[in-house]
Number of protein chains: 2
Amino acid sequence: MLTVIKLIWVSYLLFLVGSQDSNSIAQGQFLSIQTKPDPDDSAASARWLLSLNSWGVLNTISTDLDGAPFGNVVSFSDGPPNEGSGIPYFYLTTLDPTARNALKDERASFTVSEYPLGTCGNLDPENPACSKITLTGKLKLVDDSKEAEFARISLFSKHSEMKGWPEGHNFQVFKLEIEDIFLIDWYGGPKPLSVDEYLHPKTSSLGFIV
Amino acid sequence: MLTVIKLIWVSYLLFLVGSQDSNSIAQGQFLSIQTKPDPDDSAASARWLLSLNSWGVLNTISTDLDGAPFGNVVSFSDGPPNEGSGIPYFYLTTLDPTARNALKDERASFTVSEYPLGTCGNLDPENPACSKITLTGKLKLVDDSKEAEFARISLFSKHSEMKGWPEGHNFQVFKLEIEDIFLIDWYGGPKPLSVDEYLHPKTSSLGFIV
């Protein structure tokens, strides 16, 4: 099976975002998983997919299209590089339908694939061993100033051009409050993975306890 | 602006799928656009995104998750290589929630990005000049045998491993019947593009008439 998992507890974010406890800001336990985890470790697989990907498809209920599910390509970040929190943050404008939809109906999901990471080898993008994850929950405007600051640090560190996006477009920070996790990272159907296991993975299962 | 558009009318598919008129099978006009079109040509941009991509996110209304919009990574094909029809076909099993959802509520959308094609240069995936498209409509099981045959040829020619997927999983051909098109391929908001313009683009606008 796949090997070598690195786990790094991050403390300097506490400095960046002030004295507030980091988990109370971003909710998820900070960690870094650089190498594809063993697929038996669902939490590690899921967190790896989120921390290494830079974009995905954010789904909302369309107010313009009779309640249809509306997917939209967006950039995201769950933390600064190597310090993923597991929570996807977005930088959206209501000039785009996704933010408008969410402000009327928070139900949403966010989907990312392993395929663009280049680690699927010759596998087809739909092959279960080429991982994919869909986080379902509520897409919310981040109105807490500390969390918004953490989110902007997370987003701008992975998407440098965002800082320069037009002020007049009024980009705002949103996040997905996760309620359900659909993870496929091997054959045999979706892996059972609770939100708590995802946000606070057992460090022993990651093979490295700090 | 971007240059060189090649358009090829395809006739041998008529042979492959029998004597039925090709447009009546796949609905869309067959064409091939290998090079990124001028973003002013919305139809060409949209068809290029569909014909060159191999995967995207297919969104349905979740029956398991209280009607939430549920995105899922899937492989697709809109035709054999260089012969895109514009209609995305999928190979799905009801072991997966997406097909189950669609059989209960056909409302769906399908989202693809230019980013994985590698033609966005240094642009962020959310930058409007890095194209993205969302086709909204109804996700339907393809029960016409001629169209299903065309779809399988289209899918298997781009996804060779599909042929060997487990028979017991009962994979079936689905397609998105497109009702609305959301295309971003440049600055200035979504491009107006009707389904008819998308399925039957003006060849003169593609710069090459066969």
Side-chain angles (χ1 to χ4, degrees), chain A residues 54-62 64-76 90-92 95-97 101 105 107-116 122-128 130-138 158-162 165-166 179-180 182 184 187 189-190, chain B residues 54-62 64-76 90-92 95-97 101 105 107-116 122-128 130-138 158-162 165-166 179-180 182 184 187 189-190:
Chain A
S54 65
W55 67 280
V57 172
L58 183 56
N59 265 279
T60 51
I61 297 287
S62 173
D64 299 332
L65 298 167
D66 192 28
F70 180 80
N72 204 348
V73 175
V74 295
S75 294
F76 80 103
F90 310 97
Y91 205 44
L92 306 175
L95 293 173
D96 203 68
N101 291 343
D105 186 336
R107 289 177 296 172
S109 70
F110 183 55
T111 304
V112 298
S113 166
E114 180 186 342
Y115 199 73
N122 292 323
L123 296 174
D124 190 81
E126 197 174 313
N127 187 303
C130 184
S131 310
K132 57 183 178 177
I133 188 168
T134 299
L135 305 171
T136 304
K138 303 282 189 289
K158 290 185 178 173
H159 304 278
S160 56
E161 70 171 63
M162 278 185 178
W165 285 358
E179 296 172 350
D180 184 85
F182 174 81
I184 304 267
Y187 306 98
Chain B
S54 66
W55 67 280
V57 173
L58 183 56
N59 313 299
T60 51
I61 297 287
S62 172
D64 299 332
L65 299 167
D66 194 26
F70 180 80
N72 204 348
V73 175
V74 296
S75 294
F76 80 103
F90 311 97
Y91 205 44
L92 306 175
L95 294 174
D96 203 70
N101 291 342
D105 185 338
R107 289 178 296 173
S109 69
F110 183 55
T111 306
V112 298
S113 165
E114 180 186 342
Y115 199 74
N122 293 323
L123 295 175
D124 190 82
E126 198 173 312
N127 188 301
C130 184
S131 309
K132 58 184 178 176
I133 189 168
T134 300
L135 305 171
T136 304
K138 302 284 189 286
K158 290 185 177 172
H159 303 278
S160 56
E161 71 171 62
M162 277 184 179
W165 286 357
E179 297 172 350
D180 184 85
F182 174 82
I184 303 267
Y187 307 98

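All values below come from the heavy atoms of this structure, side chains included, with hydrogens, waters and symmetry mates left out. Remember, predicted model here, so these are calculated numbers, not experimental data. Naming: A, B, ... by sequence-line order, numbering from 1 per chain.
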Taking all non-hydrogen atoms of both residues, which atom of [X] and which atom of [Y] are closest, and how far apart?
X        : Y        : result
B:Asp124 : A:Glu161 : N-OE1, 3.0 Å
B:Phe70  : A:Thr136 : CD1-OG1, 4.1 Å
A:Pro69  : B:Ala108 : CG-CA, 3.7 Å
B:Arg107 : A:Asp66  : NH1-O, 3.0 Å
B:Thr134 : A:Asn72  : OG1-CA, 4.3 Å
B:Val73  : A:Val112 : CG2-O, 4.0 Å

If you count heavy-atom pairs within less than 4.5 Å of chain B, which of A:Asn127, A:Leu95, A:Leu123 leads?
A:Asn127
Option that, when pairs with chain B are counted at under 4.5 Å, heavy atom only, ranks first among A:Gly137, A:Ser160, A:Gly67, A:Ser54
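Heavy-atom pair counts peak at A:Gly67.
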Which bit of B:Pro190 is near chain A, if near means a heavy-atom gap under 4.5 Å: side chain, backbone, both or neither?
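When you check distances to chain A, no heavy atom of B:Pro190 falls under 4.5 Å.
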Please classify the contact of B:Phe110 with chain A as side chain, backbone, both or neither, using a heavy-atom distance under 4.5 Å.
neither
Pair B:Leu65-A:Phe182, side-chain contact (heavy atoms from CB on, under 4.5 Å): steps then yes or no:
CA-CA 11 Å; B:Leu65 299 167; A:Phe182 174 81; over 6 Å; no
Take B:Asp180 and A:Asp64 through the test side-chain contact (heavy atoms from CB on, under 4.5 Å) and record every step on the way to the result.
CA-CA 10 Å; B:Asp180 184 85; A:Asp64 299 332; over 6 Å; no
Is it the side chain or the backbone of A:Asn122 that comes within 4.5 Å of chain B heavy atoms, both, or neither?
backbone
With sequence neighbours excluded, residues passing ring-ring contact (aromatic ring centres under 6.0 Å, His included) with B:Tyr91
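Here the qualifying residues are B:Phe156, B:Phe171.
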With chain A, which of B:Pro116, B:Ala68, B:Pro97, B:Pro125 has the greatest number of heavy-atom pairs at distances under 4.5 Å?
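Most heavy-atom pairs within the cutoff with chain A belong to B:Pro125.
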Winner by heavy-atom pair count (cut-off under 4.5 Å) against chain A, out of B:Ser113, B:Ser75, B:Gly56, B:Ser62
B:Ser75
